[in-house]
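Owing to the predicted nature of the structure, the values given are computational and were not obtained by experimental measurement. FYI, the numbering just counts along the sequence from 1.
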Amino acid sequence: MNSLRVCNVLRKTAVNSDLLLRGFATSNVLNENHKCKVLVVGGGAGGCAVAAKLSSKLGQGKVIILEPAERHYYQPMFTLIGGGIKTLADSFQPMGKVLPTLAKWLQDSAAKFEPEKNTVYTSNGDKIEYELLLVAVGVQLNYDKIPGLVEALSIPKGKVCSNYSPKYVNRTFEALQAFKAGNAIFTFPNSPVKCPGAPQKILYIAEHYLRKSKKRQNATLIYNTSLPVLFGVKHYADALWKIVKNRNINVNLRTNLIEVLPGQNKAVFQNLDKPEEKITTDYEFLHVTPPMSAPDALASCKNLVMDTGFVDVNKDTLQHSKFNNVFAIGDCSGSPNSKTAASVAAQSQVVYKNMMSVINGHTPARIFDGYASCPLVTSYNTCIMAEFDYSLTPLETFPIDQSKERYTMYLMKKDLMPPLYWHLLLNGMWNGPGFARKLMHFKF
Ligand code: FAD
Ligand code: UQ1
C-alpha cells in the first residue's frame, strides 16, 4: 500500500474517531503536496489515452492522473445494454487496470483549479503542482435538475429509465420487457449532451424490440427533442426522417422534458418556442436523457472556462486560450465538436503532439478537424455510421454511402469498437480512422 492509500485510510478512520480527528485537525499532516511534469485530471477515455502516450514518452513518475472512480466504463456500450444486447458487467474494467502503469494514479477528485499558480487542489485537501495540465473531466449528468426524475428512477422495476448512467442503465431493458401497451417516450434535453445520437438509438432499438415481441401494435412511440432538428448533420438527418416515418414514430421538435410525476406516470414537457405552452403526457415507458453540464469543480474556475462552463480552448490546437500550459480533451472541452469517444480518439494525438511541443519549447502545430462519429444503431441488426467534422460535413471512412442502414456497421459497433477502445484507444494507440479514411479513398 503506498503512502497515499495509507493517508486515505487514516483520513477515513479520522472521520469516525473523535480522538484521531482532534489529533490531526490542528495540523496539516494528512495533506500531501505533489509535484509533476504533467497532471491529467480525469482518467476516462481522453485522460487515459493521452496519459498513456505522455507517460510512455516521458517515463515513470512524470505524469499524475487524478481520478476518483473505481471503475472505468466503456459508455458507448450503454446503448446496447439498454437493448439487452450486452450486460453491465461487459462495460467496465477496474480503473487501476486501464490507467497506464508508468503514470501515478491519485484516487481523488479535483476540487479547485488555480491555473495562475499551476496548481490543483483535491477534495481530500492535497495540493498538486504541475508544469502542464490536461483537463479531461468529461460532463456532469444533472438528473436532479428535472423535478420528480430522481424519485421516478428510484422506483424498483419502474417505467422510467436512462441509458446515460451505469446506475440506471439496467432499468431500460427491464422496463422494455415489462411494457405492455401505451406511450413509450424518449427525450433529448435542452443542454449539450455526450453522444447526441444516443437518445434516439435506444428509440430505434426499442421500436424493433416491440415488433419482435409482438407488442408494437399496442405502443405509441414518441421522440421529444429540445433540438430544432432530428440530427445535426443533414446527410444523416434525411435518412433518419425516412426511418421515423416508415416506422410510425412521432417526433416532436423543440419539446423539452421539465418534470416527471412518478405517482401518476405522467411527464410534463415545454414547447421551447412558446415557453408558456406545457404539455402533459401519460407514459408506460420513459427513457430520459438527462440535462448535462461541465462538472461543477471545473465550471467554477472562471479563468479556465467559457460562459458555458466548458474549457476555453483554441478549437484547432486544443490549447487553452489564456494558459499555454493547459490543454483539454473530450467532453469537457469547449471546442464545438460533437462530444464522442471517436472525437477523443482523433483529439488524443493532436493534444499529445501539442503538449510535447510546449514541453520542447515550440508552438503547437497539430490541428483537430472536429471529427466526430456516431454509430446510429437503428435496430438489432442495422446501424448508420455517421462521421463528420466541425462544419457538419460528412467525413466518412469507408468508400460507401454510410447514411444507409447496414449490418456490417452494426457488427462494427457491437464487436469491433469495444476491443478497439480497451486495447488501442486507452493505451494511446488509436488516433481515430483518419489514416484508414485516406488510404481507402485513395485506393478506390
Ligand atoms: P469520460 O470518459 O466521461 O471521463 C471523464 C472522467 O473524469 C471520469 O472517469 C470521471 O470520473 C472523471 N472526473 C470527473 N470529475 C472529476 C474531477 N473533479 N476530478 C477528477 N476526475 C474527474 N461515443 C462514441 O464515440 N460512440 C458512441 O457510440 C457513443 N455512445 C455513447 C452512448 C452513451 C449512452 C453515452 C453515455 C456516451 C456515448 N459516447 C459515445 C460518448 C463517449 O462515451 C464520451 O464522449 C467519452 O467517454 C468522453 O471521454 P472523456 O474522457 O471526455 O470523458
Ligand atoms: C471511433 O474511433 C471510436 O473511438 C474508439 C468510437 O468509440 C467507441 C466509435 O464509436 C467510432 C464509430 C469510431 C470511429 C471508427 C470507425 C472505424 C468509423
Does one side chain, of S335 or N337, offer a donor that lies under 3.5 Å from an acceptor on the other?
yes
To check you understand the geometry: which heavy-atom pair defines the closest contact between S333 and V313, and what is its length?
OG-CG2, 3.5 Å
Taking the side chain as every heavy atom from C-beta outward, state whether H320 and L133 have any atom pair closer than 4.5 Å.
no
Would you name the heavy atoms of A267 and L286 that are closest together and state the gap between them?
CB-CD2, 4.2 Å
Spacing of OG belonging to S348 relative to CE belonging to M429, to within rounding of 0.5 Å
11.5 Å
Ignoring hydrogens and angles, state whether a donor on the side chain of E405 or S379 is under 3.5 Å from an acceptor on the partner side chain.
no
Here the gap from I81 atom CD1 to T172 atom OG1, rounded to the nearest 0.5 Å, amounts to 9.5 Å
Do M355 and I329 come close enough that some side-chain heavy atom pair is under 4.5 Å?
no
May I ask you to decide if S162's main-chain N or O and R171's side chain share a donor-acceptor pair within less than 3.5 Å?
no
Nearest 0.5 Å, what's the CZ-CG distance between F310 and D331?
8.0 Å
Report the distance from atom CG of N246 to atom CH2 of W241, rounding to the nearest 0.5 Å.
13.0 Å
Please examine the side chains of V351 and R366, heavy atoms only from C-beta on, and report whether any two atoms are closer than 4.5 Å.
no
side-chain contact (heavy atoms from CB on, under 4.5 Å) assessment of V38 paired with K62:
CA-CA 6 Å; V38 183; K62 298 284 182 198; over 6 Å; no
Looking only at heavy atoms, which two atoms of N256 and S226 are closest? And how far apart?
OD1-OG, 3.2 Å
NZ/K322: more than 12 non-hydrogen atoms of other groups inside 6.0 Å:
yes
Check whether the side chains of K53 and N431 place a donor and an acceptor atom closer than 3.5 Å, and report yes or no.
yes
Residue pair W422 / H72: nearest heavy atoms and the distance that separates them
CH2-O, 3.4 Å
Heavy-atom closest pair (P115 atom, C301 atom, distance to 0.1 Å) is CD-SG, 3.6 Å
Do L106 and E32 come within less than 4.5 Å of each other through their side chains, counting heavy atoms only?
no
Are L376 and F231 close enough that some pair of their side-chain heavy atoms sits under 4.5 Å apart?
yes
Does the pair K234/D238 count as a salt bridge with the N-to-O cut at 4.0 Å?
yes
Establish, yes or no, whether a centroid distance under 6.0 Å links the rings of Y143 and Y164.
no
Begin with the C-alpha distance, continue with both residues' side-chain angles, and end with the deciding distance and a verdict on side-chain contact (heavy atoms from CB on, under 4.5 Å) for E129 and N33.
CA-CA 8 Å; E129 289 170 277; N33 234 337; 4.0 Å; yes
F186 vs L221 side-chain heavy atoms within contact, under 4.5 Å
yes
Could you give all pairs that pass the ring pair (Phe, Tyr, Trp, His ring centres under 6.0 Å) test and reach residues 327-374, with sequence neighbours left out?
F368-Y390
How many angstroms lie between NZ in K112 and CG in L298, if you round to the nearest 0.5 Å?
14.5 Å
Using side-chain contact (heavy atoms from CB on, under 4.5 Å), reason through H208 and R247 one step at a time and then give a plain yes or no.
CA-CA 9 Å; H208 190 195; R247 290 163 66 174; 4.1 Å; yes
For F398, the ring-ring contact (aromatic ring centres under 6.0 Å, His included) test, sequence neighbours excluded, returns none
Could you tell me whether the side chain of Y236 reaches within less than 4.5 Å of the side chain of I384, counting heavy atoms only?
yes
Indicate the atoms forming the closest heavy-atom contact of T187 with P199, along with that distance.
O-CB, 3.6 Å
In Å, rounded to the nearest 0.5 Å, how long is the span from SG of C48 to CG of N427?
7.0 Å
Beyond-backbone contact of C374 with K201, side-chain heavy atoms, under 4.5 angstrom
yes
Taking the six-membered ring for Trp, are Y73 and F92 closer than 6.0 Å centroid to centroid?
yes
Let me see the working for Y410 and T382 under side-chain contact (heavy atoms from CB on, under 4.5 Å), right down to the final yes or no.
CA-CA 5 Å; Y410 175 79; T382 53; 5.5 Å; no
Without hydrogens or angle criteria, can the side chains of N354 and S357 be said to hold a donor-acceptor pair below 3.5 Å?
no
Can you check whether A69's main-chain N or O pairs, donor with acceptor, with E67's side chain at less than 3.5 Å?
yes
